Number of protein chains: 2
Amino acid sequence: MTDPASQPGAHAPRPRNAAASRQALLDAAQGLFSQKGFEATTVREIGEAASVDPALIARYFGSKAELYIAAVAVEGASERPQRYERPAQIAEVMMARMDAGGPGPILQAVLRSDTTKEIRDAAKAHLVRRMVQPLEEDMDTAGVDRARLRAETAVAAVLGVALGRSLGWFSELGGVDRHELVALLDESLDALVPPALD
Amino acid sequence: MTDPASQPGAHAPRPRNAAASRQALLDAAQGLFSQKGFEATTVREIGEAASVDPALIARYFGSKAELYIAAVAVEGASERPQRYERPAQIAEVMMARMDAGGPGPILQAVLRSDTTKEIRDAAKAHLVRRMVQPLEEDMDTAGVDRARLRAETAVAAVLGVALGRSLGWFSELGGVDRHELVALLDESLDALVPPALD
DNA sequence: CTACGATGTCATCACTCGTTGACATCAAGC
DNA sequence: GCTTGATGTCAACGAGTGATGACATCGTAG
């Protein structure tokens, strides 16, 4: 962010700017990985989307896999810590994200088998930390039986619904208003994950 | 078909038997596609698993894609029509299948984006016919509101749980006894898909 | 102004994929 | 026994992939 040394207002064209190229690659990768997954996205596609030579992926990130990890890290970091009052809020957050830009690198990594085990484990851990554990802790303090299993089941179910909605599995699920769907899930999830009573 | 055994009059045993080779390829493809999906399975793998030269795939099926379609057709035909008394029975059936041999070609086709749209649509239709419609009809006769949406949501949720269990997303979900999980889902699904009262 | 490191461009490598066609080998009919 | 068609084997092709390194070009320190 040093002074580009040109007119104010309009960013100076940066034909040679490593940071900008790196960022462009990262953004393009984020979008493409999010929509198509790891294997189905080629480095040449990423380069074209970023208007950057694909060879720079190797230079700046080392490899396609490391670029993927970087994209996942960005997605993970962009999520601010959050506390869920009701289990269906997880569905709300997840579907809002998917409505915006596809499943995202993390979910892609979790549900596809063509990614490295290393990447998949990292994505799973993220999912557990952000979604399962909050639910589990609430139920633990409330003394609910089988808290962990209930939390995992709820997250998996929400993921299924969000996925089916995003990928257009069915006719109505994809088109229904998000909040209506969340409301529908709310009743159901309360039976699976009893809400904290405190 | 005709008795292949040792009688002199009958046809000799079949060291070179096109039908047997074809079937071996189909079986191997069914298993591999079921576990790894379409793109991640190579024709060389299939050939090795079937102990048949991969080139015969082209000869007997035309291409890898047509072999895939044949495998899906086999899975679709093997399912006998079934009626579900309670929504959680869908979970039972689905998880029993997955515990046996992975998600299966049909589910793989639905959830992965690397398959042909044609294949994916066929798989979706199969899913709707076998899972969504039975639920919907029960609720329609019971006069439940938003029957179709509820049915689709329930199937998607069950799919998510079954998938998460099969793919090892979480620590407990994968290991828990299937029937315990079904019981857990039963309460929850009743809220989403009110059981028929007749 | 010049030299040098940083940045971008390009051709190409090694590899895997699905597919193809030539060739080998077997079983059966004349 | 020899021919003929079916069946199996094999090497290779062309199209992709990710990755690599040589080279060109820019920006700027000296």
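Throughout, protein chains are lettered first and strands after them, A, B, ... in sequence-line order, and every chain is numbered starting at 1. This one's a predicted model, so the numbers in the text were calculated from it and none came from an experiment.
- Toward the 5' end of DNA chain D, the nearer of the two residues A/T42 and A/A58, judged by each one's closest nucleotide, is A/T42.
- Taking atom CZ on A/F61 and atom P on C/dG8, their separation rounds to 12 Å, with Å as the unit.
- Salt bridge annotation for B/D140-B/R148: absent, with no cationic side-chain nitrogen under 4.0 angstrom from a carboxylate oxygen.
- Among the nucleotides C/dT9, C/dT19, D/dG8, the one closest to any side-chain atom of A/L56 is C/dT9.
- B/V155 pairs with exactly one of B/E136, B/M131, B/Q133 by the side-chain contact (heavy atoms from CB on, under 4.5 Å) rule, that one being B/M131.
- Of all nucleotides listed (D/dG21, D/dG18, C/dT7), D/dG21 comes nearest to the side chain of A/A55.
- Between the CD atom of A/E66 and the P atom of D/dG18 there is a distance of 15 Å, given to the nearest Å.
- The side chain of B/V43 sits closest to C/dT19 out of C/dT19, D/dA19, D/dG8.
- Between the CG atom of A/N17 and the P atom of D/dT25 there is a distance of 20 Å, rounded to whole Å.
- Backbone-only engagement by A/T41 is indicated by non-hydrogen atom pairs under 4.0 Å involving sugar-phosphate atoms exclusively.
- Residue A/K64 contributes atom NZ, which lies 9 Å from atom P of D/dT17 at whole-angstrom precision.
- Annotation: of the two residues near DNA chain D, A/R59 and A/A65, the 5′-most nearest-nucleotide partner is A/A65.
- Taking side-chain N and O atoms only, A/S21 has a distance below 4.0 Å to OP1 or OP2 of C/dG8.
- The shortest distance between the side-chain N/O atoms of A/Y60 and the OP1/OP2 oxygens of C/dT7 is not below 4.0 Å.
- A salt bridge does not link A/D145 to A/R150: none of the charged nitrogens lies less than 4.0 Å from a carboxylate oxygen.
- Contact between B/P105 and B/Y68 at its shortest, heavy atoms only, is O-OH, 3.0 Å.
- Remark: the A/E152 side chain and the B/S171 side chain contain an N/O donor-acceptor pair separated by less than 3.5 Å.
- For the pair A/K36 NZ and D/dT17 C1', the interatomic distance rounds to 13 Å; values are reported in whole Å.
- As a whole-Å value, the separation of A/D53 CG from D/dG18 P is 14 Å.
- A donor N or O paired with an acceptor N or O is not found under 3.5 Å between the base of D/dG16 and the side-chain atoms of A/R44.
- The CD atom of A/E48 sits 14 Å away from the P atom of D/dG16 (whole-angstrom rounding).
- Remark: C1' of D/dT7 and CZ of B/R22 are 15 Å apart, rounded to the nearest angstrom.
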